[in-house]
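Quantities reported herein were computed from a predicted structural model and do not represent experimental measurements.
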Amino acid sequence: MTPEEILELIYSLIASIPRGHVASYGQIAGMAGLPRHARLVGRALRETPEGMDLPWHRVVNHAGAISARNARSSERDQRHLLEAEGVRFRGERVDMRRHRWEP
DNA sequence: CGAGTGACGGACG
DNA sequence: CCGTCCGCCACTC
């Protein structure tokens, strides 16, 4: 698999997270056949072109918390996007028991 | 080549 | 529910 194909796979996996559900970076990496590559998913997301229509907000860390990124799209925005589609929070963390994506 | 650095994950107290 | 420490891996300098 070429690096480009890996990236496409990661993007397609994220694209298939259903509304109202979330997945962790590590979970996506695992589904892509790359265990222990959670950080790769983070990088892929960080370098996502503006135009690409991807539900990036449905990816959180393993604890259900929102990981830091550019000031561009704040943590508050991601939380609002999730809550808008029915994702419930417990404090600062997504209720993973309820919303973790399990294909 | 070694040290530092992350949109990370897990164990432990 | 913290904070801390450590493992991990691609990338940068």
Side-chain angles (χ1 to χ4, degrees):
Chain A
M1 282 203 82
T2 71
E4 292 76 20
E5 293 174 320
I6 299 286
L7 223 58
E8 280 310 307
L9 178 51
I10 289 175
Y11 287 140
S12 71
L13 283 167
I14 294 175
S16 48
I17 304 174
R19 264 180 67 87
H21 293 263
V22 299
S24 74
Y25 298 90
Q27 190 184 344
I28 296 296
M31 292 191 278
L34 297 167
R36 300 181 296 286
H37 283 68
R39 301 189 114 112
L40 177 64
V41 176
R43 244 189 342 273
L45 233 39
R46 184 184 56 194
E47 289 161 13
T48 298
E50 278 290 329
M52 195 183 311
D53 180 28
L54 208 67
W56 56 270
H57 59 282
R58 299 187 187 138
V59 185
V60 296
N61 67 34
H62 73 125
I66 292 170
S67 297
R69 94 222 47 176
N70 313 326
R72 178 75 137 247
S73 36
S74 70
E75 170 176 342
R76 189 178 60 78
D77 293 332
Q78 181 167 4
R79 176 166 183 153
H80 284 345
L81 284 168
L82 288 173
E83 291 180 325
E85 51 184 62
V87 174
R88 314 258 308 260
F89 278 70
R90 294 199 345 185
E92 297 297 296
R93 315 180 337 167
V94 170
D95 184 344
M96 296 302 274
R97 302 275 277 249
R98 245 171 85 98
H99 301 288
R100 177 185 289 283
W101 178 36
E102 286 161 15

Atom [atom1] of [X] and atom [atom2] of [N]: how far apart are they, to the nearest Å?
X     : N      : atom1 : atom2 : result
A/F89 : C/dC1  : CZ    : C1'   : 18 Å
A/I6  : C/dC11 : CD1   : P     : 12 Å
A/M52 : B/dA7  : CE    : P     : 18 Å
A/M96 : B/dG10 : CE    : P     : 10 Å
A/Y25 : C/dC8  : OH    : C1'   : 17 Å

*Looking only at atom types and distance, does a side-chain atom of A/R69 sit under 3.5 Å from a main-chain N or O of A/S67, one as donor and one as acceptor?*
yes

*asked:* Tell me whether A/H80 contacts the main-chain N or O of A/Q78 through its side chain, where contact means a donor paired with an acceptor under 3.5 Å.
replied: no

*Gap in Å between the two P atoms, one belonging to B/dG4 and one to C/dC5, rounded*: 16 Å

_Taking only the P atom of each, what is the distance from B/dC12 to C/dC8 in whole angstrom?_
15 Å

I'd like to know if [Y] and [X] are part of one continuous hydrophobic network [Ile/Leu/Val/Met/Phe/Trp/Tyr, side-chain heavy atoms within less than 4.5 Å].
X     : Y     : answer
A/M96 : A/Y25 : no
A/I66 : A/V22 : yes
A/L7  : A/L34 : yes

*asked:* Using a strict heavy-atom distance below 4.0 Å, which residues from residues 28-48 of chain A are in contact with DNA chain C?
replied: A/R36, A/H37, A/R39, A/R43

*Please determine if a side-chain N or O atom of A/S24 lies less than 4.0 Å away from the OP1 or OP2 oxygen of B/dG9.*
yes

*asked:* Just to be sure I follow the notation: if a pair is Watson-Crick (purine N1 to pyrimidine N3 plus N6-O4 or O6-N4) or a G-U wobble (N1-O2 and O6-N3), each under 3.5 Å, what dot-bracket string does DNA chain B give, with | for pairs to another strand?
replied: .|||||.||||||

*Run through A/I14, A/I10, A/L9 and flag the one making a side-chain contact (heavy atoms from CB on, under 4.5 Å) with A/S12.*
A/L9

*Going by the side-chain contact (heavy atoms from CB on, under 4.5 Å) test, name the single residue among A/H99, A/R88, A/H57 that passes it with A/L82.*
A/H57

_Could you check whether atom CD of A/E83 has more than 12 heavy atoms from other residues, nucleotides or ligands sitting under 6.0 Å from it?_
yes

*Quick one: side chain to side chain contact (heavy atoms under 4.5 Å, CB included) partners of A/H21, sequence neighbours excluded?*
A/I17, A/P18, A/W101

